[in-house]
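In what follows, a single structure is set out as structure tokens and then discussed.
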Amino acid sequence: MTGRLATSPFDPSRYIGAVTFVGPDSARINLPKAAGVAPRQYSGYAVLGGQVGEFIFIEGEGVAVLGRITEVKLPDNERLKAEPSLGAPPDANPIGFVQLLTTLELATAKVISGIPFHPRIGQHVFSAHPLLVKHIVEGQSVSSAGAVELATIPHDPSTMVNVSPAHLFGRHCAVLGATGGGKSWTVARIIQEAARLGGKVLLVDPSGEFHTFTKGVRSVHLGGAPKGAEDTRKFVAFPYWDLTETDLFAIFQPSPGAQVPKLREALRSLKLNYILNGDNEPHLYVKANAEKKTFNYLVNKNEAQVEAQGARYVIKHLARQVYEECVYESGGTAREPNYLVWGAPDERIRGYCDTLVSKIHSISRSPALRCLFAPEQFAALTEEIQSFFASDDAVLRISLADLPFEHHARELLVNAIGRHLLGLARNGAFQEMPTVVVLDEAHQFLSKSIGDEANRVSLDAFGLIAKEGRKYGLTTLLATQRPRDIPEDVLSQMGMFIVHRLINERDRDIVEKACGNLDGSAAAFLPTLGQGEAILVGVDFPMPTPIKVTEPEYPPESEGPSYAKFWKRKAPAEAAFAAAVVTGAPNQ
């Protein structure tokens, strides 16, 4: 009867009760054995017999209806029967409330979505065997040779839950959970499995906690610099000329009056000057008393190069070029103006631009932002990405641990990395090598607009990857402890959710809305999940499934400093001396 099933869903040794009530999506069952103090064992597998969270099968004709116990209670008139009496087992008749999940067709071993055949009163109920739960979750398309070995069944650590890479990554994936729930371990496990299977993963590591994973991993550091000759880390830069104009405006924050047009003109002049002279003199394009016709001719002639994304220029001359733009619009005199040339420097406009020039000078020379404004000191990240895809390495880890938060550098550079990858995807770079970009701490880089009202830039690169990257072979894995800070339209694009413990009610509501088949009954388990436990929800999965994520081979270093180790109690003599110094009392 069971066909390809590992065992019968209706094994008499796993019988736990009978159906007493049936609703559209729920049922009630008698649980005569649920009052026992410990689960039974049969053939090496636990038979829980009526525990909250337990999967059960309800017997049908040719089908088995899978459900999950969400509540167990005693009738009010039997409450006191749960109390032990002289060592005798309690004479109680618990009732179980069951959420109906999906249907298993016995003849073909296929999983049928929904409940096409509802149970009937009196039908028998059996504790679901872990191997059958595994069969329903994985389906028949998962090959153990090419599957991601992700987790185990919580009540049976020996039963693995494998997920095909297409189901896990094909429609994007989100790993959600409060701090301490095991989110980082899950990300590490997924990355290690992707590397084992020969995939390509680009990991954006904001805190540097994934540095423990080195097998098949190429690590680069965006931000910071070597701390000595023994520091073998590879530092890279993201060249400032690959930023968009709006990115630069968000960094330098020009005021909307005179500063915005003068900064825009200065950037155009420097790009033109680089086309004409490169790094050689003259480094500036001097407009005072110069002919407009010559400048306009050169701009029109080189328009494609000047306006191209990534057009080169030398930023150390930008502050001075802003001053060069501050000239009168015409030469000659007030009575006889000459509109063919620019006039002399306009000191009034220069005064308006003083604060902008000062900001450009200080920010572009900031030691903390050398990876952006002094790219000649490092290898280019864009070239490192290109080299990675041509190599046999499985993972490229971009560490941002030394990149400062000031001037929105982190948000802008991560957004620029996403924009660069999306550009490669649109050009067909990932059609024959599907790539997953993993963004940890995703709430820092999504659903944000940085800059003031006049210079606002939207961090939308990874949102665009979520919306259109799939067709190009570029998918994303977003990990965050703040789902409420991820745009709803981005979460709705996720085809797979691995949800760890969530305590915040708003976070749970957001996740429940984003996951099509995570209803209130399943979401109610989220606050009580232990470390490493999660609920697996996906469009390719028939039901929300509790799992225990397998420990990664190289756990991330996500622990903070040990207070117990470093906060040592002072010796009495040292404490007395310190008190004497503070109070000025004589040391006796």
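Quick note: residue numbers are just sequence positions, from 1. These values consider heavy atoms only, across backbone and side chains, with no hydrogens, waters or symmetry-generated copies.
Not counting sequence neighbours, the partners of Arg397 by the salt bridge (charged side-chain N to carboxylate O under 4.0 Å, His left out) test are Asp205. Under the side-chain contact (heavy atoms from CB on, under 4.5 Å) criterion, Asp402 pairs with Arg233, Phe235, sequence neighbours left out. By the side-chain contact (heavy atoms from CB on, under 4.5 Å) test, Ala429 is found to be paired with Leu424, residues two or more places apart in sequence or in another chain being considered. Among residues two or more places apart in sequence or in another chain, the side-chain contact (heavy atoms from CB on, under 4.5 Å) test is passed with Ala194 by Phe169, Val201. For His172, there are no ring pair (Phe, Tyr, Trp, His ring centres under 6.0 Å) partners, not counting sequence neighbours. Partners of Glu533 under the salt bridge (charged side-chain N to carboxylate O under 4.0 Å, His left out) rule, at least two apart in sequence or in another chain, do not exist in this structure.
Pairs passing the side-chain hydrogen bond (donor to acceptor under 3.5 Å, both in side chains) check and including a residue from residues 96-107, sequence neighbours excluded, read Gln99-Asp519, Glu105-Thr108. Pairs engaging residues 119-136 under the salt bridge (charged side-chain N to carboxylate O under 4.0 Å, His left out) rule: Lys134-Glu138 [sequence neighbours left out]. Sorted by first and then second residue, the salt bridge (charged side-chain N to carboxylate O under 4.0 Å, His left out) pairs involving residues 492-512 (not counting sequence neighbours) are Arg484-Asp507. For residues 477-520, no pair satisfies ring-ring contact (aromatic ring centres under 6.0 Å, His included), with sequence neighbours left out. Applying the side-chain hydrogen bond (donor to acceptor under 3.5 Å, both in side chains) test to pairs two or more places apart or on separate chains, those with a residue in residues 420-440 are Arg426-Glu468.
Here Lys467 pairs with Asp489 in a salt bridge; the nearest charged N to carboxylate O distance falls below 4.0 Å.
Between the side chains of Asp11 and Ser13, at least one donor N or O sits under 3.5 Å from an acceptor N or O.
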For residues 65-74, run the donor-acceptor check on the side chains, cut-off 3.5 Å, and write out each pair with its distance to 0.1 Å, sequence neighbours left out.
unit_1 : atom_1 : unit_2 : atom_2 : d
Arg68  : NE     : Gly53  : O      : 3.0
Thr70  : OG1    : Phe97  : O      : 3.2

